[in-house]
Amino acid sequence: MSLLKPFSKLPGLNTANIMLVENEEQFQQKLADTVVLQEKTVNVNVRLARSLPLPVENEESRPRIDLVVFIIHLTSELSFQSAETSLKYLDPGYFQGKVCFLVTNARNVSVPPERLVSVRKLAASLHCPLLCAEDQTTEGVTTAAHRLLAILKVAAGLVPMATGLYLSTLTRCTVPSGIDQQNFE
């Protein structure tokens, strides 16, 4: 079990590789299918993982991963814990614009407000974007796919004059100092 490294392999021509990491695999396949169907100008490869680290067996044949997306269901504490545990298996180079968090069920009334605060603090501490997505509707999945494709193209170096690090400074999650958990309700 080794660290996943962003620059250990050469990029493919007009190719972008995204890895969706989700412990429960509820939303992962729908999102993967939508991402592939939405993009017509670039060859997009989607890799699915329940958690990190990845097995060592296929390391030589594994393509360079341009963007790692951690999908966190706010209704599940296990989903957050799995994402948090998986982070230590990423090389620090990924935190330069090649990681983002995608949360679902942010509007659900049964979700404890402190769980969203925890995810925001995690994303802010790693200087990563935090996206919210609606996983119950086709429109929500399509919107999430469009957002991820925009970030993926930049992270893969397919957008001239833009880098993942530059994009992450514009889109990273921040948590105001002295924030109350009640202010998020």
Side-chain angles (χ1 to χ4, degrees), residues 1-73 82-83 86-87 89-104 123 126-135 137-172:
M1 310 270 180
S2 62
L3 290 178
L4 188 61
K5 298 182 181 183
F7 305 112
S8 62
K9 298 183 180 184
L10 293 173
L13 184 62
N14 283 336
T15 301
N17 298 299
I18 184 171
M19 178 177 289
L20 303 176
V21 181
E22 179 184 18
N23 185 43
E24 297 159 6
E25 298 178 352
Q26 299 169 356
F27 179 50
Q28 191 181 45
Q29 190 62 52
K30 285 193 294 188
L31 185 60
D33 293 340
T34 306
V35 164
V36 171
L37 290 174
Q38 293 298 314
E39 185 51 48
K40 305 290 185 223
T41 60
V42 175
N43 182 23
V44 175
N45 297 317
V46 180
R47 303 290 177 164
L48 306 177
R50 288 181 60 99
S51 63
L52 298 179
L54 297 175
V56 179
E57 297 91 52
N58 302 328
E59 193 167 338
E60 293 80 30
S61 63
R62 187 178 304 130
R64 174 176 132 167
I65 304 297
D66 298 306
L67 181 66
V68 178
V69 180
F70 289 99
I71 301 170
I72 300 173
H73 297 282
S82 176
S86 294
L87 286 170
Y89 296 103
L90 285 178
D91 184 76
Y94 268 105
F95 298 105
Q96 297 176 347
K98 294 183 173 290
V99 173
C100 79
F101 294 93
L102 181 75
V103 296
T104 63
L126 297 170
H127 304 289
C128 296
L130 174 65
L131 305 175
C132 293
E134 176 60 51
D135 62 341
T137 65
T138 305
E139 293 166 1
V141 175
T142 303
T143 301
H146 282 293
R147 289 176 181 171
L148 288 177
L149 281 169
I151 294 171
L152 174 62
K153 286 179 183 178
V154 173
L158 300 172
V159 177
M161 305 297 290
T163 64
L165 184 58
Y166 176 68
L167 182 67
S168 76
T169 61
L170 297 175
T171 60
R172 72 176 175 220

For Met19 and Val46, what are the C-alpha separation, side-chain angles and deciding distance, and is it a side chain to side chain contact (heavy atoms under 4.5 Å, CB included)? CA-CA 6 Å; Met19 178 177 289; Val46 180; over 6 Å; no
What distance separates [X] [atom1] from [Y] [atom2], expressed to the nearest 0.5 Å?
{"X": "Ser8", "Y": "Arg62", "atom1": "OG", "atom2": "CZ", "result": "9.0 Å"}
{"X": "Leu54", "Y": "Tyr89", "atom1": "CG", "atom2": "OH", "result": "11.5 Å"}
{"X": "Thr143", "Y": "Glu134", "atom1": "OG1", "atom2": "CD", "result": "10.0 Å"}
{"X": "Phe70", "Y": "Leu102", "atom1": "CZ", "atom2": "CG", "result": "12.0 Å"}
{"X": "Asn14", "Y": "Thr41", "atom1": "CG", "atom2": "OG1", "result": "8.0 Å"}
{"X": "Leu131", "Y": "Cys100", "atom1": "CG", "atom2": "SG", "result": "5.0 Å"}

Heavy-atom distance under 4.5 Å between the side chains of [X] and [Y], does that happen here?
{"X": "Thr163", "Y": "Val154", "result": "no"}
{"X": "Pro129", "Y": "Phe101", "result": "no"}
{"X": "Glu24", "Y": "Ser82", "result": "no"}
{"X": "Leu48", "Y": "Gln29", "result": "yes"}
{"X": "Ile72", "Y": "Thr104", "result": "no"}
{"X": "Leu148", "Y": "Leu31", "result": "yes"}
{"X": "Ile18", "Y": "Asp66", "result": "no"}
{"X": "Ile71", "Y": "Leu20", "result": "yes"}

What do the steps show when you test Leu149 against Val44 for side chain to side chain contact (heavy atoms under 4.5 Å, CB included), and what is the final call? CA-CA 9 Å; Leu149 281 169; Val44 175; 4.0 Å; yes
Report yes or no: does [X] contribute a side-chain atom to a donor-acceptor pair with the main-chain N or O of [Y] at less than 3.5 Å?
{"X": "Gln28", "Y": "Ala49", "result": "yes"}
{"X": "Gln38", "Y": "Ala145", "result": "no"}
{"X": "Thr15", "Y": "Leu13", "result": "yes"}
{"X": "Arg50", "Y": "Asn23", "result": "yes"}
{"X": "Arg147", "Y": "Ala133", "result": "no"}
{"X": "Glu22", "Y": "Gln26", "result": "yes"}
{"X": "Tyr94", "Y": "Leu87", "result": "no"}
{"X": "Lys98", "Y": "Ala155", "result": "yes"}
{"X": "Lys40", "Y": "Leu37", "result": "yes"}

Looking only at non-hydrogen atoms, find the nearest pair between [X] and [Y] and report the distance.
{"X": "Val42", "Y": "Ala16", "result": "CG1-N, 4.1 Å"}
{"X": "Asp135", "Y": "Val141", "result": "O-CG2, 4.2 Å"}
{"X": "Phe7", "Y": "Gly93", "result": "CE1-O, 4.4 Å"}
{"X": "Ser51", "Y": "Val21", "result": "CA-CG1, 3.8 Å"}

Side chains of His127 and Gln96: do they bring a donor and an acceptor to under 3.5 Å? no
Examine the side chains of Asn17 and Asn45 and answer whether a donor and an acceptor come within less than 3.5 Å of each other.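 There is such a pair between these side chains.
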When you look at NZ of Lys5, are more than 12 heavy atoms from neighbouring residues, nucleotides or ligands closer to it than 6.0 Å?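 Open.
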If you apply the rule side chain to side chain contact (heavy atoms under 4.5 Å, CB included), what do you find for Ile65 with Val68, and how did you get there? CA-CA 7 Å; Ile65 304 297; Val68 178; 3.9 Å; yes
Pair Asp91, Leu4 - check side chain to side chain contact (heavy atoms under 4.5 Å, CB included), show working. CA-CA 6 Å; Asp91 184 76; Leu4 188 61; over 6 Å; no
Short N-O contact, Glu39 and Lys153, less than 4.0 angstrom: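 Looking at Glu39 and Lys153, the cut-off is met.
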